[in-house]
J.: 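One structure follows; several queries about it will come next.
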Amino acid sequence: MAHALLTTPPMRLALSIAMAVASGAALGQTSGLTLQIQSTDRLVVGPSQCGANVPVNWAVTSVSQVCTSLRIWVTQGTSCATAPSGSDFSLPDVTVTEMQAGQGTVTLALADLPGLTAADGGAGCGAAVRQEYRVCGTFKIAGGYPASCGASQTDVSASSAPALIYDGEPPPPPTLTALVPLDSSLVAKVTANSTDTITIILQVKEPSDPTSVYTTRDTFSADSGSGTITGLQNGATYSVIAIAEDEAGNQSGPSAPLTGSPVPTSGFFGQYTQDGGAEKGGCSIAGGALLWPAALALAFAGWFAISRRRRS
Amino acid sequence: MRTPQVALAAAAMALAVGARAQEVGTHAGEPAIPPRGQTLELKLGSFTPLIDREAALNGKTPYADTFGTPMLLGEVEIDRYFYQGIGAAGAALSVGYAEKYGRASVLDPTTRLVVGPSEEATALFVVPIRLSGVYRFDWAALHYNVPLVPYVKAGIIYEPWWGTKGGQIEYVNGRRAVGGRWGYGGTAGLSLMLDWFEPRLARDFYADLGVVHTYVFGEYTLAEVNSFGAAGLVLSSRHFMFGVSLDF
């Protein structure tokens, strides 16, 4: 290559260098398309959101050589084709002029999702089904050399297709495996019975009122395996149920109830006090109790610093 | 062993010690031993506060009943020397931390007597803070190639403590399980100078990081932490600790 350049006449050498610089510049201007739904790459929705609209955010880079408008569509499945098919739902095109802004938003009505509308033979939004979608997009840029929007246009597709999941299926009821009695509280141990991301809702029926209903007292991630219901009365018997809620907000039926009674307990200090220990406790570590130790430590640190300075 | 062989062995030993002394730079013509200004100690030990010795408990043993075994105490200490001659004397400040978890007890709702262990955790935390005078007899190590440095410390102690049940500070009859106890204590220990084993590595350690000497050590502490006899928690202890120290 070096030999070839050295033996090339000056005019052709200048032309070669110019072409190399131009192609390098063209390589540096790579076009790209990014899509997100509600600023995330994965959104789970449920029947309670059927009437809602979600924003689809788009962003394009190197928009100076764009030839066509940006097409965005929603397809059932887990991958995108290069163009929408008849069963896909297309959103309004983003024009070349609009693309000059570099980014923007189009709105998707969840009721329009393919396979969920009465018009396309779906079960209708709100049905107890689970469907997975991808939001896809593409536009064309100039190709060839010199670049032009002629016959050799190049497709630019989204670098990744965000997932939109419609989940209308409630999770199975969780299993309440145990109620562990603590002081004024109960620890409920729960198995979710589902591989989905589940939140457990603990509901308690008050013992003092026979007409009372179960009310929510605690929520926790099913991964943690247990939740604590606090503020209970020692010795009273409480009935507890657990309900699973998935990401889409679908709630399971209740688990079989368990009953439990909080018990008074004694920690180390309680045991020490009961055994006759004379310690009164009560002083604040952050308050005056640390005044003298803090003064001594500061005096030491000051002497340490001064003696180091003298030494150096 | 015959006399000439004994003499030969003694001569070889003397040469070896002399050679090692030259390696650590204690002979004329070698670089002088750099003076150390302070010592940093990192240490761990098994620590049992003598809570159960409180007279008011009348022989009852709440610490042993709840926790059973000693705590693991970790401490960091910084010493600063104001005298360096025959050994080194200075002041030391150390801060430690220990925690111990056990199971709370279930009480009978009527009699309030213990009926069994609970699923609930209970814990005791202590933070011993010591301000001490320290003397290290390292003269023999620095001048006669003896790698052992005995030392003593004595000073005052303040020990904040707190107790929890179910992860929260425990309250009993309005008493909050938080406090601090004063005391005093002394420590005796013995350090082994590691430079003696690897003098060249020690020189590199000094050149690169400014560490003059490196030791491993063991020490025994006797601490009376009962606020000078005042009623309350006894956090006194007698315990061994082991660690590493760096002169710099």
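Only a predicted model underlies this, so the values are computations on that prediction, with no experimental measurement involved. Note: hydrogens, waters and symmetry copies are ignored here, and every other heavy atom, side chains too, is used. Quick note on labels: first sequence line is chain A, next is B, and so on, each numbered from 1.
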J.: Is the CD atom of A/Glu132 crowded by more than 12 outside heavy atoms at less than 6.0 Å?
T.: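 Above 12, so yes.
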J.: Give a yes or no on whether B/Ile86 atom CD1 has more than 12 heavy-atom contacts from other residues, nucleotides or ligands under 6.0 Å away.
T.: no
J.: Side chain, backbone, both or neither: which part of B/Ser105 has an atom under 4.5 Å from a heavy atom of chain A?
T.: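 For B/Ser105, backbone and side chain are both near chain A.
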J.: Chain A heavy atoms under 4.5 Å from B/Leu93: which part of the residue, side chain, backbone, both or neither?
T.: both
J.: Show the nearest heavy-atom pair for residues B/Leu124 and A/Phe268, with the distance to one decimal.
T.: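 The pair with the smallest heavy-atom distance is CD1-CE2, 4.0 Å.
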J.: Is chain A contacted by the side chain of B/Ala55, its backbone, both, or neither, given a heavy-atom distance below 4.5 Å?
T.: neither
J.: With a sphere of 6.0 Å drawn around CZ of B/Arg238, does it hold more than 12 non-hydrogen atoms of other residues, nucleotides or ligands?
T.: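 Count over threshold, so yes.
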J.: Could you report the tightest heavy-atom contact between B/Ser118 and A/Leu182, atom names first, then the distance?
T.: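 Heavy atoms of B/Ser118 and A/Leu182 come nearest at OG-CD2, 4.1 Å.
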J.: Working to the nearest 0.5 Å, report the span between CG of B/Asp65 and OH of A/Tyr272.
T.: 14.0 Å
J.: Answer with side chain, backbone, both or neither: which region of B/Val127 has an atom nearer than 4.5 Å to a non-hydrogen atom of chain A?
T.: neither
J.: Counting heavy atoms not belonging to B/Asp208, are there more than 12 under 6.0 Å from its CG?
T.: yes
J.: Which distance, rounded to the nearest 0.5 Å, do you find between the CG of A/Asp183 and the CG of B/Leu107?
T.: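 So the CG of A/Asp183 and the CG of B/Leu107 are separated by 8.0 Å.
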J.: Is the backbone of A/Glu279 close enough, under 3.5 Å, to the side chain of B/Arg175 for a donor and an acceptor to pair up by distance?
T.: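 Confirmed, B/Arg175 side chain pairs with A/Glu279 backbone.
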J.: Side chain from CB out, backbone as N, CA, C, O: work out which of these in B/Tyr171 comes under 4.5 Å of a heavy atom of chain A, or both, or neither.
T.: neither
J.: Contact part of B/Arg181 toward chain A, heavy-atom cut-off under 4.5 Å: side chain, backbone, both or neither?
T.: side chain
J.: Quick check on B/Glu99: does its CD atom have over 12 non-hydrogen neighbours (other residues, nucleotides or ligands) under 6.0 Å away?
T.: yes
J.: Considering all heavy atoms of both residues, which atom of B/Glu54 and which atom of A/Ala278 are nearest to each other, and what is their separation?
T.: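 That closest heavy-atom pairing would be OE2-N, 2.8 Å.
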J.: Checking heavy atoms, do the side chain of A/Asn234, its backbone, both or neither come under 4.5 Å from chain B?
T.: neither
J.: Will you find, in the side chains of B/Glu120 and A/Thr265, an N or O donor that is under 3.5 Å from an N or O acceptor?
T.: yes
J.: For chain A, find which of B/Gly59, B/Ser227, B/Ala92, B/Ala231 contributes the most heavy-atom pairs closer than 4.5 angstrom.
T.: B/Ala92
J.: If you define the side chain from C-beta out and look only at heavy atoms, does anything of A/Gln271 sit under 4.5 Å from B/Thr122?
T.: no
J.: Tell me, for B/Asp79 versus chain A, whether the close heavy atoms (under 4.5 Å) come from the side chain, the backbone, both or neither.
T.: backbone
J.: With a 4.5 angstrom heavy-atom cut-off, could you sort out which part of B/Ile78 is near chain A: side chain, backbone, both or neither?
T.: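 Interface part for B/Ile78: both.
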J.: Give, for atom OG1 of B/Thr66 and atom CZ of A/Phe269, the distance between the pair rounded to the nearest 0.5 Å.
T.: 12.5 Å
J.: Would you say that more than 12 heavy atoms from the other residues, nucleotides or ligands in this model lie under 6.0 Å from the CZ of B/Phe125, or not?
T.: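 Atom CZ in B/Phe125 is crowded, with more than 12 foreign heavy atoms closer than 6.0 Å.
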